[in-house]
Every structure is written in C-alpha cells, then in structure tokens.
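Worksheet: one structure, shown below.
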Amino acid sequence: MEAEAEEDDQVLPDLPNADEYDQIRMRLAPNPNGPWHLGSARMPAVIGTYKKIYDGWMCCRFDDTDPETKRPDLDAYDEIIDAIGYLGFEPDEVLKASDRVETYYDHARELIEQGGAYTCSCPAEHFRGLKADAEPCDHRDKDVETVREEFEAMVDGEYSDGEMVLRVKTDIEHKNPALRDFVAFRMVDTPHPREEAADYRAWPMLDFQSGIDDHLTGVTHIIRGIDLQDSAKRQRFVYDYFGWEYPEVVHWGHVQIDAYDVAMSTSTIKAKVDSGELTGWDDPRAPTLASVKRRGIRGHAIVDAMVDLGVSTSNVDLAMSSIYANNRDLVDDDTDRRFLVRDGVASDATDRERLPAGAAEAFDLASDVPDAGHPPLHPNHEDRGDRDVPASEAVLLESEDVPADGERIWLKGLGCLRREGDGLAWVGTDIDLVREEGVPVVHWVGAGDDEHVRVRLRTMDGDVVGYAEPGYADYDADDLVQFERVGFARFDAAPGTDAAEADPGEYLAFYAHP
RNA sequence: GCUCCGGUGGUGUAGUCCGGCCAAUCAUAUUGCCCUCUCACGGCAAUGACCAGGGUUCAAAUCCCUGCCGGAGCACCA
C-alpha cells in the first residue's frame, strides 16, 4: 500500500479557523421524513471526510420536530444510518431531537426570563404583514409573568394549532426581514409518530432547536446548505441572549444530478413510489442511494464525487458519469468478466440509446469446432484462471454482431469462424486474424439449454433480457461482473429467490454503467 | 418589494483573500490514435472557460463600480 494515497489529495479546503479548536466537532442533521436521495449524500460525504481529515467528531442528529408537514417516517431513522454506513461513515453519536424536547423547553424558559421571547397569538397572516412593515405586534411588550404562564400553557397543550406561538425577540426593524422576530415554538395537534414523543404538542422550530443542540453538543463547525444561510443569523440572536459563541459555518449550494427524469426531492420520489410510477425507492430510475446501491455502485464512488464538488455556495450539476468513472476505478480490477448475449427488451423500455438491446440469433457450429471456449476471468490477471463457456451444437450471437454470409468473426475465447448460411465453419485460432486482418471479436454463449442461463438485466431505461454463460450462476447477491462489451452489473437474485421481480428461471441483475 | 449569496471549458474544480510565475490547474466528458481475443483497464493527443462593460494599474480571472444572469431567505417546513 502506498499509504499516502488516502491521506490524501487534500481535496476539501481547510475549515475556517480549524486550528483554534482542540477537536473539530460536526453534525449531520437530517430530517427522517424518508429515505435519502443522492443529494442527501453530500452531507455525510463532506462532513465525514472532514472528520477523517481532522480526526474530528461527528454526530447524526435527527431534526424530527415537525410531526405534521415533514412528518417523520419511522423506518427512515435506520435507513439513514444504513445509508451513512453505505457511504463508509459512522456517526460517533446518534441523537433524536424528539427525545430532547424538555431541554428545548428549559432553554425557552430561560430565554423568557431574560425577556428574549414572547408569546404571540397573532394569526400568521397578520404578523406577516406587520413584519413586512417592521412593526411590532401588541404582544411584544407583554410582561415576563404573562409570557411565562402562556408558554407553560403551550407546553401543557392548552392551545391548538395556530393559536399561540413563542417568538424570539430579535430586532423588529432589522433591515433584513428574514431576521425579524422569528417563531421558536408552535402548537402541533398531530401527535409525533414516535411513541416516546407522542404527547408533546408544543414543538420547537428548527432555528431554535438546532441552535440549542449545536451549542449543547459542542459543535464547532456547521456545514449545511444555502437554504439555511439566514438561519445562522437568526440563531445568533438566541446565542447572544445566552452568551454563547456561534460555531463556524460553511454553506454550500444545491446539487442537481443529470441522467434522471425524476426530481431529486424526497416528497416527489415518495409520491411516485406510492402511486406505483416507481417500483420502489430502489427503482433504477429513482435518484436515490438505495437505487445506486442496488445497481452495484460503491458508496465511495459517490463520496468522491461529492467531495470533488467542494463547498462553494453556487449551485452545481453533478454528472452521473463522474460517479461511474469513480466506480469503475474502484471495481474494474476486481470484477470478473462474463458474456451476456442480449435478446431484446422485456418491458416498456423507452430510451434505448443508452443501452441497445440487440436480439439473439442462433448459428449451428461445424463439427470440427471445439466444444467450449475459455476466455480469462480478467484480461489483466491471467492468474485468476479461465472461464468455461460450452457450445456443443450451436451458439447465440447478438444481432448486431452477426457477420454477413461468408465473413469471418472471432468468438472471444474460442477462435475464428466463418459464416456459411445458418452455420459457422471453423477457421482456427491464429490470433493474427484479429490483430492483422481485423476480424471482429464478439461475445457469445452456447445455444443449448444447459449452455447458458437466462438473465434479466434491469436498467434505468427498462429491462433487457438475455443469455449469460453458465458460470454466471455461481455468483451471489451483491457480486459484480462486467458483461463484456455491455457493462458492469450487480448480481441481484437467482431464480426463485425473488420471484416477484423476474420471470421464472431468470437471474435478476442490475446494470451499473458501461 | 426587502435582504443575503454567487457567476472560470459540456460538467465539477484550482487560482481570486496577498494583482504579475495564468496565452489559466486537475478530473470528467467528447473525438482520434496506440495497446488489447471487450466498446473495460492502461497510454498518447486533440477539443474546450475567466458573464458583460467601464475604472484603477506598467500589469487584472484576481481590486473598484455598474449592468446582466442565476440561487437563497423574508413559513406557526426542515
């Protein structure tokens, strides 16, 4: 091992004032309202990489304080932890904001005593108008005693949705309207889906909850999206009341990923999964981590791509091709080669440009043709041995590879043959025919029923069916192969093990990339 | 409307703070060639960018101004 390779190319810029802290402490703050899409990977990829660079600390804090609009999905908590693991990281600690509501209450009480917050019963619309005009509402000057009582009433659930909020007193005339007296707590009638938190009705807003938690957990660096740019400014008001120092902040822009027709948003994907438009979160057409994982793309390939994006505040387009390039880099050397003769599409595939389906055609073999071919498992590693590709009577070729009558063709691992009508005559194994005479080299499988296995290759554009060499049956789920001249694919299931997703007798594979 | 933040090749990125070594780095992409019993891997080459206009300066991608374009916030969402 070259040891240095991963230490490494110092891809990310230094964190601000990093040397002023004994330990760099950061947090991932996902909302567990659904499984992660590809964009979500940026957070653990970048923060996790910084953790490695600085030997820092990283926790995963689920900001699940909205039981209604962004209602937590109980499965998502574990799914997100799994996704972080898939990307190659592990949080040092896992917290759920919904376990910490009492803590937020305590800090609200303290803020109230300092005169830093007030209960407000203005209808949202009304307050919005006042805020736009930089006008305070009547509730702003309430005495602490009243605020205290009304807040306790909120905590006790004596108000309903929309009847009362607790606002942080900032600067109602601040030139930036986004910073004027923001809401710290509001009432939510809908119980939280987590049993442990189901009794709370007064819930903190992100700016309050997140601000308190960042301080309490000793976070030194907050790294998050530009949508939260003003959040830091709002939270500083709370920090000032408490005499706390605000962490360093880094903001990045939004990521878009090409190659997908489905918008990268949890709610959009969820709607399409629910309606059946997508078969699930791991449908290859879904821009999710579950999807690329099932296709055999390593988490590290995504991390590298995300880290390469850096942390600029401008929006960026991430090309899937760069994730593919990273993945090829990771897997090519270890991946066995196999043949797959495609035989058309099996579903309502649309854009065939990305992966032509072909069609299999059978040709009889002359009697003097060897009854098996032995191409290497990996061209760069002869020591790994050869494959055994049998063909006793006839072979299957992809339609695009079929030579004109009288022309020669080289069946990889077998030798050169000449087409004579519906048959192939033996020419020989002089490799100069390929090197000097340009005979095309193609992949193939035996035509006999026991000389191939049926494979369904699931791609972003639909299913392609075909015939793979018999050795393909020896793999297990998660194994990767490269179907020569087709691309990399992940072995998903053998026949019978996942009958719902493939026809009887078919192996199910997922296409990764060329 | 108000307030913030950005704009380097198809994509991402380096350089911008501390102007000159930038006729602009690296990766990816595309194309061509070489290697090869794969259209993979590897090697070589080509393509291709400082949003626009002013200003400061001997010198500007870098500093200043204006404009244009893009994004974000102004939620009882996160």
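To find a chain, count down the sequence lines: A is the first, B the second, and so on, and within it residues start at 1.
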Note to self: Strictly below 4.0 Å, N to O, side chains only: are Arg387(A) and Asp336(A) in salt-bridge contact?
What the structure shows: no
Next item on the list: Would you mind classifying the nucleic acid contact of Asp227(A) as base, sugar-phosphate or nothing, using non-hydrogen atoms under 4.0 angstrom?
Entry: base
Next item on the list: Find the partner of C58(B): check Watson-Crick (N1-N3 plus N6-O4 or O6-N4) and G-U wobble (N1-O2, O6-N3) distances, both under 3.5 Å, and reply none if neither fits.
Entry: G20(B)
Checklist line | Nucleotide nearest Ala124(A) when distance is taken to its side chain, options C76(B), A78(B), A40(B) | finding: C76(B)
Check: How long is the line joining CZ of Arg224(A) and P of A72(B), in whole Å?
Finding: 17 Å
Check: What is the base-pairing partner of A46(B), counting Watson-Crick and G-U wobble geometry with both distances under 3.5 Å?
Finding: U30(B)
Next item on the list: Please examine the side chains of Arg490(A) and Arg295(A), heavy atoms only from C-beta on, and report whether any two atoms are closer than 4.5 Å.
Entry: no
Item checked: Contact nearer the 5' end of RNA chain B, comparing Val311(A) with His378(A) -> Val311(A)
Next item on the list: Could you measure between the two C1' atoms, the one in G55(B) and the one in G12(B), and give it in whole Å?
Entry: 33 Å
Next item on the list: Just call it for Gly253(A): base, sugar-phosphate, or nothing, with non-hydrogen atoms closer than 4.0 Å on any strand.
Entry: nothing
Checklist line | Atom C1', compared across A61(B) and A23(B): separation rounded to whole Å | finding: 13 Å
Margin query: I'd like to know if Arg337(A) reaches the base of A40(B) with its side chain, counting only an N/O donor and acceptor under 3.5 Å.
Written below: yes
Next item on the list: Find the distance Arg342(A):CZ to C39(B):P and express it as a whole number of Å.
Entry: 13 Å
Next item on the list: Look at all strands and tell whether Phe488(A) reaches a base, only sugar-phosphate, or nothing, counting heavy atoms closer than 4.0 Å.
Entry: sugar-phosphate
Notebook entry, point to check: Using a cut-off of 4.0 Å on non-hydrogen atoms, how would the nucleic acid contact of Leu228(A) be classed: base, sugar-phosphate, or nothing?
Noted result: base
Checklist line | Residue that, paired with Pro370(A), satisfies side-chain contact (heavy atoms from CB on, under 4.5 Å) out of Leu411(A), Thr429(A), Leu414(A) | finding: Leu414(A)
Checklist line | C1' gap between C74(B) and C63(B), integer Å | finding: 32 Å
Check: Are Arg186(A) and A78(B) close enough that a side-chain N or O sits under 4.0 Å from OP1 or OP2?
Finding: yes
Next item on the list: Give one of base, sugar-phosphate or nothing for Leu206(A), where a contact means two heavy atoms less than 4.0 Å apart.
Entry: base
Distances for protein N/O vs nucleotides 35-37 of chain B N/O pairs under 3.5 angstrom?
| residue | atom | partner | partner atom | Å |
| --- | --- | --- | --- | --- |
| C37(B) | OP1 | Arg435(A) | NH2 | 2.7 |
| C37(B) | OP2 | Arg435(A) | NE | 2.9 |
| C37(B) | OP2 | Arg435(A) | NH2 | 3.2 |
| C37(B) | O2' | Lys412(A) | NZ | 3.3 |
| C37(B) | O2 | Trp410(A) | NE1 | 2.8 |
| C37(B) | O2 | Gly413(A) | N | 2.8 |
| C37(B) | N3 | Trp410(A) | NE1 | 3.3 |
| C37(B) | N3 | Gly413(A) | N | 3.1 |

Check: In terms of side-chain heavy atoms, does Asp240(A) have a donor or acceptor partner in Tyr246(A) at a distance below 3.5 Å?
Finding: no
Check: Should the heavy atoms of other residues, nucleotides or ligands under 6.0 Å from NE2 of His126(A) be counted, would the total exceed 12?
Finding: no
Notebook entry, point to check: If pairing requires Watson-Crick or G-U wobble contacts with both distances under 3.5 Å, which nucleotide is the partner of A78(B)?
Noted result: none
Margin query: For nucleotides 24-32 of chain B, give me one character per nucleotide, 5' to 3': B if any protein heavy atom sits under 4.0 Å from the base, S if the only such contacts are to the sugar-phosphate, - if neither.
Written below: ----SS---
Next item on the list: With heavy atoms under 4.0 Å as the rule, sort Met164(A) into base, sugar-phosphate or nothing.
Entry: nothing
Margin query: For nucleotides 3-8 of chain B, give me one character per nucleotide, 5' to 3': B if any protein heavy atom sits under 4.0 Å from the base, S if the only such contacts are to the sugar-phosphate, - if neither.
Written below: SSSS--
Checklist line | Interatomic distance, Asp161(A) CG vs A75(B) P [rounded to whole Å] | finding: 18 Å
Check: If we call it a pair only when both distances are under 3.5 Å in a Watson-Crick or G-U wobble match, what pairs with A40(B)?
Finding: none
Notebook entry, point to check: What is the nucleic acid contact for Val183(A), judged by heavy atoms within less than 4.0 Å: base, sugar-phosphate only, or nothing?
Noted result: sugar-phosphate
Checklist line | Counter-base of G53(B), judged by Watson-Crick or G-U geometry with both distances under 3.5 Å | finding: C65(B)
Notebook entry, point to check: Which comes earlier along RNA chain B counting from the 5' end, the contact point of Met205(A) or that of Arg234(A), where each point is its nearest nucleotide?
Noted result: Arg234(A)
Notebook entry, point to check: Hey, mind stepping through His443(A) and Glu398(A) against side chain to side chain donor-acceptor pair (under 3.5 Å) and telling me if it holds?
Noted result: CA-CA 8 Å; His443(A) 58 285; Glu398(A) 285 191 12; 3.0 Å; yes
Next item on the list: Answer with base, sugar-phosphate or nothing: what part of the nucleic acid does Asn31(A) contact at a heavy-atom distance below 4.0 Å?
Entry: sugar-phosphate
Notebook entry, point to check: Does NZ or CZ of Arg194(A) lie under 6.0 Å from the centre of the six-membered ring of Phe62(A), at an angle within 45° of the ring axis?
Noted result: no
Note to self: Take a 6.0 Å sphere around NZ of Lys142(A) and say whether it holds more than 12 heavy atoms from other residues, nucleotides or ligands.
What the structure shows: yes
Notebook entry, point to check: Base, sugar-phosphate, or nothing: which does Pro376(A) touch, judged by heavy atoms less than 4.0 Å apart?
Noted result: nothing
Notebook entry, point to check: Under 4.5 Å between any side-chain heavy atoms of Ile302(A) and Leu289(A), yes or no?
Noted result: yes
Note to self: Classify Ser210(A) by what it touches in the nucleic acid, base, sugar-phosphate, or nothing, heavy-atom distance under 4.0 Å.
What the structure shows: nothing
Checklist line | Phe208(A) CZ - A75(B) C1' separation (whole Å) | finding: 18 Å
Margin query: Work out how far the P atom of U66(B) is from that of C5(B), and round it to whole angstrom.
Written below: 14 Å
Notebook entry, point to check: Between C50(B) and G6(B), how far is it from one C1' atom to the other, in whole Å?
Noted result: 15 Å
Next item on the list: Evaluate the ring planes of Phe488(A) and His513(A), with Trp represented by its six-membered ring, and classify them as parallel (under 30°), tilted (30 to 60°) or perpendicular (over 60°).
Entry: tilted
Checklist line | Steps toward side chain to side chain donor-acceptor pair (under 3.5 Å) verdict (Arg338(A), Tyr475(A)) | finding: CA-CA 11 Å; Arg338(A) 293 290 176 178; Tyr475(A) 292 99; 2.8 Å; yes
Margin query: For Phe185(A) and Tyr105(A), take the angle between the two ring planes, folded into 0 to 90°, and tell me which bin it lands in: parallel under 30, tilted 30 to 60, perpendicular over 60.
Written below: tilted
Note to self: Check for me whether Lys412(A) meets the cation-pi criterion with Phe339(A), that is, NZ or CZ under 6.0 Å from the six-membered ring centre and within 45 degrees of the ring axis.
What the structure shows: no
Item checked: P spacing across the pair C51(B) / C69(B), given as an integer number of angstrom -> 16 Å
Notebook entry, point to check: Which is true for His254(A) with a 4.0 Å heavy-atom rule: it touches a base, it touches only sugar-phosphate, or it touches nothing?
Noted result: sugar-phosphate
Item checked: Nearest-angstrom distance from the residue atom CG of Leu12(A) to C1' of A14(B) -> 13 Å
Check: On a whole-Å scale, what distance lies between the P atoms belonging to C44(B) and A52(B)?
Finding: 33 Å
Note to self: Pairing donors with acceptors under 3.5 angstrom, does anything connect the side chains of Asp333(A) and His381(A)?
What the structure shows: yes
Check: Using 30° and 60° as the class limits, which term best fits the ring planes of Phe491(A) and Tyr472(A): parallel, tilted or perpendicular?
Finding: tilted
Notebook entry, point to check: Across all strands, who's sitting opposite G70(B) as a Watson-Crick or G-U wobble pair, both distances under 3.5 Å?
Noted result: C5(B)
Checklist line | Atom C1', compared across C65(B) and A27(B): separation rounded to whole Å | finding: 36 Å
Next item on the list: Can you tell me the distance, in whole Å, between the CZ atom of Arg485(A) and the C1' atom of C41(B)?
Entry: 17 Å
